[in-house]
Amino acid sequence: MAEVAIDDSLFTWPTESPRLLGSRCSTCGETTFPQASSCSACAGTDMVTVELEPTGTLWSWTIQGFPPKSPPYAKVETPATFEPYGVGYVELAGQVKVESRLTVADPDRLEIGMPMELTIVPFMENEAGDTVMTFAFAPTGEG
């Protein structure tokens, strides 16, 4: 079976150096993720697609300790099959804060302000048997 992106508009992949795809407003310079058709800062509609920095700083985090409701969560899990995961906001070089899965679910290994890097990880298997890949952030050196 194949590996497929969860959404082609979210990140570049497959590639050795994946990047998240955001939008930058040509009017005021505001950067957003995910891509948007209008600017949340000035309501401008002249948005251009930009590749965001692959590294950043952990701004805030928590551990998801129970299965999210499905839908809207795409992966169907039960309490018996669920594995807790980290989720946080990563600030990308002052561009934008991105909400993301983290590759670490151990609270003793996460610290606000730590350097993080983008990585592409398996999320689930789809009905066709393909591995659906998503983005996550890992502590620098663990991606």
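This is a predicted model, so every value here is computed, not measured. Excluded from the calculations below are hydrogen atoms, water molecules and symmetry mates; all remaining heavy atoms, backbone and side chain alike, are included. Numbering of residues begins at 1 and proceeds along the displayed sequence.
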Open item on the list: Quick check on the hydrophobic clustering: are Leu110 and Trp59 connected, directly or via other members, by side-chain heavy-atom contacts under 4.5 Å?
Closed with: no
Open item on the list: Please give me the minimum heavy-atom distance between Pro54 and Pro18, naming the atom from each residue.
Closed with: CB-O, 4.0 Å
Task: Spacing of Asp7 atom CG and Met133 atom CE [to the nearest 0.5 Å] - done: 14.5 Å
Show the atom names and distances, to 0.1 Å, of all donor-acceptor pairs under 3.5 Å that link a side chain in residues 120-130 to residues at least two apart or in another chain.
{"from": "Asn126", "atom 1": "OD1", "to": "Ala128", "atom 2": "N", "distance (Å)": "3.0"}
{"from": "Asn126", "atom 1": "OD1", "to": "Gly129", "atom 2": "N", "distance (Å)": "3.0"}
{"from": "Asn126", "atom 1": "OD1", "to": "Asp130", "atom 2": "N", "distance (Å)": "2.8"}
{"from": "Asp130", "atom 1": "OD1", "to": "Ala2", "atom 2": "N", "distance (Å)": "3.2"}

Using distance only, find each side-chain donor-acceptor pair of residues 60-67 under 3.5 Å and give its atom names and separation, not counting sequence neighbours.
{"from": "Gln64", "atom 1": "NE2", "to": "Phe66", "atom 2": "O", "distance (Å)": "2.7"}

TODO: Determine which pairs satisfy side-chain hydrogen bond (donor to acceptor under 3.5 Å, both in side chains) with at least one residue from residues 78-92, sequence neighbours left out, and list them in order.
DONE: Thr78-Thr81
Enumerate donor-acceptor pairs with a distance under 3.5 Å from any side-chain N or O in residues 29-40 to protein atoms, sequence neighbours excluded.
{"from": "Thr31", "atom 1": "OG1", "to": "Arg24", "atom 2": "NE", "distance (Å)": "3.2"}
{"from": "Gln35", "atom 1": "OE1", "to": "Thr49", "atom 2": "OG1", "distance (Å)": "2.7"}
{"from": "Gln35", "atom 1": "NE2", "to": "Ser9", "atom 2": "O", "distance (Å)": "2.9"}

Task: Test log, rule side chain to side chain contact (heavy atoms under 4.5 Å, CB included), inputs Phe11 and Leu21 - done: CA-CA 5 Å; Phe11 51 90; Leu21 296 171; 5.5 Å; no
Task: salt bridge (charged side-chain N to carboxylate O under 4.0 Å, His left out) partners of residues 8-22, not counting sequence neighbours, each pair once - done: none
- [ ] For the residue pair Leu20 and Leu92, establish whether any side-chain heavy-atom pair is separated by less than 4.5 Å.
- [x] yes
Open item on the list: What's the separation between atom CE in Met116 and atom OG1 in Thr140, rounded to the nearest 0.5 Å?
Closed with: 7.5 Å
Open item on the list: For Trp13, I'd like to know if atom CH2 has over 12 heavy atoms of other residues, nucleotides or ligands within 6.0 Å.
Closed with: yes
- [ ] Treat each ILVMFWY residue as a node, draw an edge where side-chain heavy atoms are under 4.5 Å apart, and state whether Val50 and Val96 are in one component.
- [x] yes
Task: Which residues share a side chain to side chain contact (heavy atoms under 4.5 Å, CB included) with Thr55, sequence neighbours left out - done: Glu117
Open item on the list: According to side chain to side chain contact (heavy atoms under 4.5 Å, CB included), who are the partners of Asp108, at least two apart in sequence or on a separate chain?
Closed with: Asp106
Open item on the list: On a heavy-atom basis, which atom in Val48 and which in Ser26 lie closest, and how many Å separate them?
Closed with: CG1-OG, 3.8 Å
Open item on the list: Could you walk me through whether Ile6 and Phe135 satisfy the side chain to side chain contact (heavy atoms under 4.5 Å, CB included) test, starting with their C-alpha distance in whole Å, then the side-chain angles of each, then the deciding distance to 0.1 Å, before giving a yes or no?
Closed with: CA-CA 9 Å; Ile6 193 166; Phe135 67 92; 5.8 Å; no
Task: Nearest heavy atoms of Ala138 and Thr119, plus distance in Å - done: CB-CG2, 4.4 Å
Open item on the list: Would you compute the distance between atom CG of Leu102 and atom CE of Met114 and round it to the nearest 0.5 angstrom?
Closed with: 9.0 Å
Task: Lys75: salt bridge (Lys or Arg N to Asp or Glu O under 4.0 Å) partners, not counting sequence neighbours - done: Glu77
Task: Thr57 OG1 to Glu111 CD distance, which is reported to the nearest 0.5 Å - done: 12.0 Å
Open item on the list: For residues 39-60, which residue pairs pass the salt bridge (charged side-chain N to carboxylate O under 4.0 Å, His left out) check, not counting sequence neighbours?
Closed with: none
